[in-house]
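Remember, it's 1-based here, ligands and their atoms both numbered in the order they're listed.
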Amino acid sequence: MSKTFTLDGKPIPFEDGQTVIQAALAAGSYIPHLCHHPEFKPHGSCKLCTVKADGRQTASCTLPAAEGMVVESETEELNAERRALTQMLFVEGNHFCPSCEKSGDCQLQATAYHLNMMSPHYDHFFPNRPLDASHPDYLLDFNRCILCSLCVRASRDVDGKSVFALAGRGIKTHLIINAKSGKLADTDFSASDRAANVCPVGVILPKRRGFAVPIGERTFDKHPIADYADTRLAQPEK
Ligand code: SF4
Ligand code: FES
């Protein structure tokens, strides 16, 4: 018999070595998250996956599942904290959804909808980060980066290229391109890279393909983010 823990009162089976979020998503129970991705090692930066495990708050993407653990996720308290974290992400960057081609396909936006985020609440920082349009096939809009490091992990661990990296500290942390010029065109990044298709928001964008999907048919028009089990949006399970 497999081991289980409970998530909001529901038994969740798990294998040794699985984290709480891995087991929960595999069982069709959504825990909000942005930097977790089933293909990559945990990063633990967004903190949206925070749950209360045996009474203590912790990130479920780095927490190994344990027999008999009592985990709470869908509580008013935790969702209010997740909403605040999401609002912080919105004001730290320039997330102006009405003019963003990722709208309807963006996991940050979909998570904000899931958490009933009705306003940004905090003052906008209005950063001014120049775009990188140097690559023939891809555009980078750094103003929307949530520093999830998925592109860093994909480029390093899957593509073997290390095109992307996070540099700086604190509020100055930012995404950089690993080329002397700092430009994407001066790397061996290509459209077939895993890193080209992993950004959950609107930073790494293919050129000449914006606004191609009609409103009503975009990923999250059809299903809310919580319907996508072990996520990254293969197919909704419900
Ligand atoms: S560019 Fe996208 S994938 Fe890379 S760190 Fe920023 S938000 Fe994450
Ligand atoms: S998904 Fe766990 S910290 Fe981001």
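Under 4.0 angstrom from ligand 2, the non-hydrogen atoms of Ser45 all belong to its backbone.
At least one N, O or S atom of Cys46, from either the backbone or the side chain, sits less than 2.8 Å from atom 4 (Fe) of ligand 2. At least one N/O/S atom of Cys49, from backbone or side chain, sits under 2.8 Å from atom 2 (Fe) of ligand 2. For Cys35, the nearest N, O or S atom to atom 4 (Fe) of ligand 2 falls under 2.8 Å.
Those atoms of ligand 2 that come under 4.0 Å of a heavy atom in Cys61, given as number and element, are 1 (S), 2 (Fe), 3 (S). Those atoms of ligand 1 that come under 4.0 Å of a heavy atom in Val201, given as number and element, are 7 (S). Shown in contact with His33 at under 4.0 Å from a heavy atom are these atoms of ligand 2, numbered in order with element: 1 (S).
Thr187 and Lys161 are not linked by any side-chain donor-acceptor pair at a separation below 3.5 angstrom, with hydrogens and angles left out of the test. At a cut-off of 3.5 Å, with distance as the only test, no side-chain donor of Asn178 or Ser162 sits close to an acceptor on the other residue. A donor-acceptor contact closer than 3.5 angstrom links the side chains of Ser181 and Asp186. Checked by atom type, the side-chain pair His121/Ser119 shows no donor-acceptor distance below 3.5 Å. Side-chain contact of Glu81 with Gln57: a donor-acceptor pair under 3.5 Å is present, judged by distance alone.
Side-chain contact check for Ile21 versus Leu25: some heavy-atom pair is nearer than 4.5 Å.
Of the options Ser149, Cys148, Cys199, the smallest heavy-atom separation from atom 8 (Fe) of ligand 1 is shown by Cys148. Across Ile146, Leu175, Val198, Ile204, heavy-atom proximity to atom 7 (S) of ligand 1 is greatest for Ile146.
Taking the six-membered ring for Trp and the full ring otherwise, Tyr122 and Phe90 have centroids separated by 6.0 Å or more.
Closest to atom 4 (Fe) of ligand 1 among all protein heavy atoms lies Cys151 SG, 2.3 Å. The protein atom (non-hydrogen) at minimum distance from atom 3 (S) of ligand 2 is Lys47 N, 3.1 Å. The single protein non-hydrogen atom nearest to atom 6 (Fe) of ligand 1 is Cys145 SG, 2.3 Å, given as residue, atom name and distance.
Counting all heavy atoms, side chain and backbone alike, Arg82 lies closest to Thr50 at NH2-O, 2.8 Å.
Taking the six-membered ring for Trp and thresholds of 30 and 60 degrees, His135 and Tyr138 have ring planes more than 60 degrees apart, a perpendicular arrangement.
In this structure, Pro200 counts as a contact residue of ligand 1, since one of its heavy atoms falls inside 4.0 Å of the ligand.
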